[in-house]
Protein chains: 2
Amino acid sequence: MSQQPHNNTTDHRMCVSLVPLFNHLEKDQMKHIVELARSTPYPRGQIIYNEGDRSEGLYILHKGRIKIYRLSENGKEQIVRILEPGDFTGELSLFDAKPHDAYAETLEPVELCVIQRDQMQQLLQEHPAISLKMLEEFSSRLARTEQRAARIGMESAETRIALYLVDLSEEQRQLIVELPMSRKDLASHLGTTPETISRKLSAFEESGWIRQCSMKAVEILDLDALLLL
Amino acid sequence: MSQQPHNNTTDHRMCVSLVPLFNHLEKDQMKHIVELARSTPYPRGQIIYNEGDRSEGLYILHKGRIKIYRLSENGKEQIVRILEPGDFTGELSLFDAKPHDAYAETLEPVELCVIQRDQMQQLLQEHPAISLKMLEEFSSRLARTEQRAARIGMESAETRIALYLVDLSEEQRQLIVELPMSRKDLASHLGTTPETISRKLSAFEESGWIRQCSMKAVEILDLDALLLL
DNA sequence: ACACTGCCTTGACGCCTGTCAAGATTCGTC
DNA sequence: GACGAATCTTGACAGGCGTCAAGGCAGTGT
């Protein structure tokens with residue numbers, strides 16, 4: 001197999017044209033942005049930035065997946081979110097000039113573009129449409145995070161797991177849902193432990209509400225039962 | 001005392017010039033926005049919007065305080081955040097055209113301005129600076145919410161309460177901190193119960209780490225002890 | 001100023017779920 | 001395809017904290 005050069009133009013163009021943040025722009029505007037972006041490959045399991053690092057700019061993922069997580073004082077990690085191709089991160093320090101407040105680590109081999117802080121700020125000034133897209137993204141991310149916080153605070157672990165499956169089912173529009181992460185990461189995302197995830201999934205299966213097809217696929221048999229936990 | 005008319009111009013101007021979202025603009029730009037805003041008074045304990053309501057636009061608070069909360073299936077409420085003068089809400093539906101995902105209720109007599117959805121969108125298009133301010137606000141709100149979710153999921157109730165006091169102390173830059181809400185609301189914000197708040201505060205006091213001055217004021221005596229819980 | 005309503009406190013109890021440990025399974029790598 | 005390491009599962013156990021209940025207090029409105 002042939003090694004791709006780091007500054008392959010095709011990569012840049014993909015990066016920019018794939019991402020909702022930019023793909024609504026005119027051809028020549030995109031071309032301008034392409035020149036700002038620098039695509040870089042990362043192997044699996046690589047840390048892209050640490051908590052406390054100064055931000056380089058906006059990171060735009062166009063291949064692979066990245067997990068964003070925080071660490072508590074006693075070393076436990078919580079998954080904040082999983083980035084899929086088209087997602088971006090590093091936004092905090094774009095505005096506040098604050099260091100990153102979380103870790104970013106690749107789950108698979110990844111390719112992502114970086115747009116420098118100043119250049120991104122200029123883009124936002126020049127193209128209000130980009131700002132609006134970003135506001136849209138922020139507001140939906142905010143809504144999701146608030147819901148997650150509310151659930152972790154108010155619902156039992158059992159309910160959280162059940163609701164998570166339901167959410168996945170709605171997102172993927174299927175009754176056979178694909179779990180986007182390991183049980184360990186899932187546990188940390190839902191504010192519980194791998195053991196509890198394991199136990200509850202088994203319990204759901206024994207009740208006939210779900211079927212565990214494989215390690216990362218679950219078939220939902222009784223959606224209502226999950227909902228009224 | 002005299003009743004203020006609803007469309008008092010002074011109110012509008014205050015609204016616009018007070019708020020970080022707008023107060024960086026030129027005089028005549030502000031004047032234009034003032035004309036869009038409609039100030040309305042609300043008594044204490046009034047619901048401003050319900051979950052599921054269609055958004056009227058952007059609500060900008062310029063007097064009093066408002067609590068934003070969600071309800072779980074079983075009727076428990078969780079405080080998402082408390083709005084202080086200068087804060088705004090209703091942003092979700094500005095972009096997604098989705099209904100509100102939380103409730104807004106006044107904690108005190110309140111005055112707030114509303115800017116209609118379309119007019120706000122136009123403002124954002126015309127004044128990129130407003131978008132940037134809003135992005136700034138969103139990104140810091142997002143960071144706070146993610147931290148809250150992480151804490152609720154990973155730290156014990158005791159630690160959450162301790163860290164909350166420390167946070168308040170930093171925000172207010174004082175060792176005598178003023179609790180911005182009732183114990184009931186505090187509990188729901190921290191993902192616990194009023195009973196636990198009561199018990200833990202008493203325990204902290206007995207350990208000599210804090211002193212409960214009044215129902216809504218606490219003096220921090222040993223910040224380090226609270227931090228290493 | 002007073003009464004009343006809602007909030008706060010304290011106690012007792014029980015359960016959910018986190019923790020520790022060991023064995024089974026799966027996944028990544030060679 | 002096979003090894004090794006990491007992940008997942010299952011069990012036993014304990015304890016933090018939610019729940020229910022009753023009494024005291026504070027804040028609000030008349």
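Every chain is numbered from 1 and lettered A, B, ... according to where its sequence line falls, protein lines coming before strand lines.
- When every heavy atom of B:Leu61 is checked against every heavy atom of B:Arg65, the shortest pair comes out as CD2-CA, 4.1 Å.
- A donor-acceptor pair under 3.5 Å links the side-chain atoms of A:Ser169 to the main chain of A:Gln174, judged by distance alone.
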Which atom pairs, one a donor and one an acceptor, fall under 3.5 Å between side chains of residues 46-53 of chain A and the rest of the protein, sequence neighbours left out?
from, atom 1, to, atom 2, distance (Å)
A:Tyr49, OH, A:Thr89, OG1, 2.8
A:Asp53, OD2, A:Asn50, N, 2.9

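- Residue pairs that meet the ring-ring contact (aromatic ring centres under 6.0 Å, His included) test with at least one member in residues 208-229 of chain A, sequence neighbours left out, are A:Phe204-A:Trp209.
- Applying salt bridge (Lys or Arg N to Asp or Glu O under 4.0 Å) to A:Asp167 and the options A:Arg148, A:Arg151, A:Arg173 leaves one that passes, A:Arg151.
- Scanning residues 150-157 of chain B for heavy-atom distances under 4.0 Å to DNA chain D yields B:Ser156, B:Ala157.
- Near DNA chain D, meaning a heavy atom under 4.0 Å from it, residues 222-229 of chain B has no residue at all.
- Within a heavy-atom distance below 4.0 Å of DNA chain C, the residues of residues 193-212 of chain A found are A:Thr193, A:Glu195, A:Thr196, A:Arg199, A:Lys200.
- Taken from CZ in A:Arg141 to CZ in A:Arg81, the straight-line distance is 3.5 Å, to the nearest 0.5 Å.
- Rounding to whole angstrom units, CE of residue B:Met215 and C1' of D:dG24 are separated by 11 Å.
- Of the possible polar contacts, one joining the B:Glu205 side chain to the B:Gln212 backbone as a donor-acceptor pair under 3.5 Å is found.
- Closest heavy-atom contact between B:Gly86 and B:Val19: O-CG1, 3.6 Å.
- Atom NZ of A:Lys216 is separated from atom C1' of D:dA6 by 14 Å (rounded to the nearest Å).
- Minimum interatomic distance between B:Arg70 and A:Ala143 (heavy atoms only, all atoms of both residues): NH2-O, 3.4 Å.
- Of all heavy-atom pairs spanning B:Leu168 and B:Pro180, the tightest one is CD1-CD, 3.9 Å.
- Going from atom SG of B:Cys213 over to atom CD of B:Glu219 covers 5.5 Å, rounded to the nearest 0.5 Å.
- Reading DNA chain C from its 5' end, the first and the last nucleotide to sit under 4.0 Å from a heavy atom of chain B are C:dC7 to C:dA12.
- Summarising the local packing, CD of A:Glu171 is surrounded by more than 12 heavy atoms from other residues, nucleotides or ligands at distances under 6.0 Å.
- Regarding A:Leu186, its CG atom lies at a distance of 9 Å from the P atom of D:dC8, rounded to whole Å.
- Put simply, CZ on A:Arg183 is 14 Å from C1' on D:dT10, counting in whole angstrom units.
- The backbone N or O of B:Gly191 sits less than 3.5 Å from a side-chain atom of B:Arg160, completing a donor-acceptor pair.
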